[in-house]
Amino acid sequence: LVTELYGTKLQQVRQRLNQLDKTGLVVQSIDIEKDKSALIEATYEWATTHDKEKYTYEDLVSPSLYLFNLMGSGRFNLYGQKVTRDNKIKAFCIYEQNQIIANEFSISADKNIPGLSEFQMYQMCTKLYSMGTRYVNIGGSETVGLDRFKKKFNPIISHELCSYICKNK
């Protein structure tokens, strides 16, 4: 399981899930051959919602683009899930499944749909659990906001976010 099933932060996740307008949302597995161009479009659209002073498009999109290419190669146990509304990808995640542990590598959601990120995480965990996975490594946090999002799930193991800034002389 991703979380201990208690705590006020987990209660916030439940509230966001209950408030989400699920009208028209469709959850499906990613078929990288069919979905790659739509995933790339969704990735670039997601990147436009971030602070341009702190992040470049390259910083934001290159990890997902790399994962799409790895998925297409078929050399790894990479899978994905997408959430669509009106046939447009609104959220997606990419993960590696290995017996009882899965590693979540990427999760992205339309920020204009409150609760969609939590919904995507919940849907991914539900699917993995039904396939025998008992633990999901939800990965590190490159930003304070991402760290805050992941901590809402009350992970059973967590390491504090540490950032180091180097200055060129």
Side-chain angles (χ1 to χ4, degrees), residues 1-3 13 16-17 20-50 55-143 145-158:
L1 296 174
V2 164
T3 72
V13 171
R16 298 266 296 172
L17 287 171
L20 173 64
D21 177 9
K22 296 176 185 75
T23 306
L25 292 181
V26 178
V27 180
Q28 299 171 306
S29 293
I30 289 174
D31 178 335
I32 197 61
E33 298 301 320
K34 291 181 186 174
D35 297 327
K36 188 173 182 178
S37 62
L39 287 163
I40 291 170
E41 181 182 330
T43 300
Y44 277 99
E45 193 170 309
W46 168 81
T48 64
T49 65
H50 287 75
Y55 308 101
T56 66
Y57 279 129
E58 181 67 20
D59 290 337
L60 294 167
V61 302
S62 61
S64 292
L65 299 180
Y66 185 68
L67 286 168
F68 300 152
N69 288 331
L70 288 177
M71 285 179 79
S73 75
R75 297 181 312 173
F76 302 95
N77 291 328
L78 294 178
Y79 304 93
Q81 184 171 279
K82 64 183 179 177
V83 179
T84 60
R85 178 178 273 161
D86 300 324
N87 295 315
K88 187 169 168 91
I89 295 176
K90 297 296 183 180
F92 68 86
C93 64
I94 299 171
Y95 54 88
E96 174 187 44
Q97 187 179 3
N98 293 309
Q99 297 175 345
I100 65 167
I101 298 175
N103 296 301
E104 181 254 313
F105 291 123
S106 177
I107 187 166
S108 178
D110 185 331
K111 289 183 172 185
N112 296 316
I113 305 175
L116 187 58
S117 295
E118 291 85 353
F119 179 74
Q120 175 68 341
M121 181 78 81
Y122 174 78
Q123 291 295 320
M124 177 190 67
C125 292
T126 300
K127 178 179 181 173
L128 288 167
Y129 187 80
S130 73
M131 297 169 70
T133 300
R134 293 301 174 254
Y135 301 96
V136 178
N137 173 1
I138 59 176
S141 301
E142 292 79 18
T143 66
L146 183 56
D147 192 56
R148 192 171 33 249
F149 171 76
K150 290 181 177 184
K151 282 185 176 179
K152 285 193 301 188
F153 287 89
N154 201 19
I156 58 174
I157 299 172
S158 181

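- You'll find the side chain of Ile113 stays beyond 4.5 Å of the side chain of Asp21, heavy atoms only.
- Between Leu67 and Ser106, the shortest heavy-atom contact is CD1-CB, 3.7 Å.
- Checking Gln97 against Asn77 by side-chain atom types alone, no donor-acceptor pair falls below 3.5 Å.
- Between Asn137 atom CG and Ile101 atom CD1 the span is 8.5 Å, to the nearest 0.5 Å.
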(request) I would like to know whether Phe105 and Glu96 meet side chain to side chain contact (heavy atoms under 4.5 Å, CB included); could you show each step before the answer? (result) CA-CA 8 Å; Phe105 291 123; Glu96 174 187 44; 3.4 Å; yes

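- In this structure a side-chain-to-backbone donor-acceptor pair under 3.5 Å is missing from Arg16 to Pro114.
- Of the possible donor and acceptor atoms, one in the side chain of Thr49 sits under 3.5 Å from a partner among the backbone N and O of Trp46.
- In this structure, Leu128 CG and Gln81 CD are separated by 8.0 Å, a value rounded to the nearest 0.5 Å.
- Every residue was checked against the salt bridge (Lys or Arg N to Asp or Glu O under 4.0 Å) condition with Glu104, not counting sequence neighbours, and none meets it.
- Considering all non-hydrogen atoms of both residues, Val136 and Cys125 come closest at CG2-SG, 4.3 Å.
- The two residues Gly80 and Met71 make their nearest non-hydrogen contact at N-CE, 3.7 Å.
- Here Ala109 pairs with Ala91, Leu116, Ser117 under the side-chain contact (heavy atoms from CB on, under 4.5 Å) rule; sequence neighbours left out.
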(message) Please evaluate residues Met121 and Ile138 with respect to the criterion side chain to side chain contact (heavy atoms under 4.5 Å, CB included), reporting the C-alpha separation (whole Å), side-chain torsions for both, the decisive distance (0.1 Å), and the verdict.
(response) CA-CA 9 Å; Met121 181 78 81; Ile138 59 176; 3.9 Å; yes

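- Here the side chains of Leu20 and Leu25 are in contact, with some heavy-atom distance below 4.5 Å.
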(request) Carefully, step by step, assess Ser29 and Lys127 under the rule side chain to side chain contact (heavy atoms under 4.5 Å, CB included). (result) CA-CA 10 Å; Ser29 293; Lys127 178 179 181 173; 2.5 Å; yes

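- Of all the heavy atoms in Leu39 and Phe68, the pair that sits closest is CB-CZ, 3.6 Å.
- Qualifying ring-ring contact (aromatic ring centres under 6.0 Å, His included) partners for Tyr95, counting only residues two or more places apart in sequence or in other chains: none.
- Checking side-chain atoms of Lys90 against main-chain N and O of Asn112 turns up no donor-acceptor pair under 3.5 Å.
- What you find for Ile89 and Ala38 is that their closest heavy atoms are CD1-CB, 3.7 Å.
- Closest non-hydrogen pair, Glu118 versus Leu17, comes out as C-CD2, 3.7 Å.
- Rounding to the nearest 0.5 angstrom, the gap separating the CZ atom in Arg85 from the NZ atom in Lys22 is 10.5 Å.
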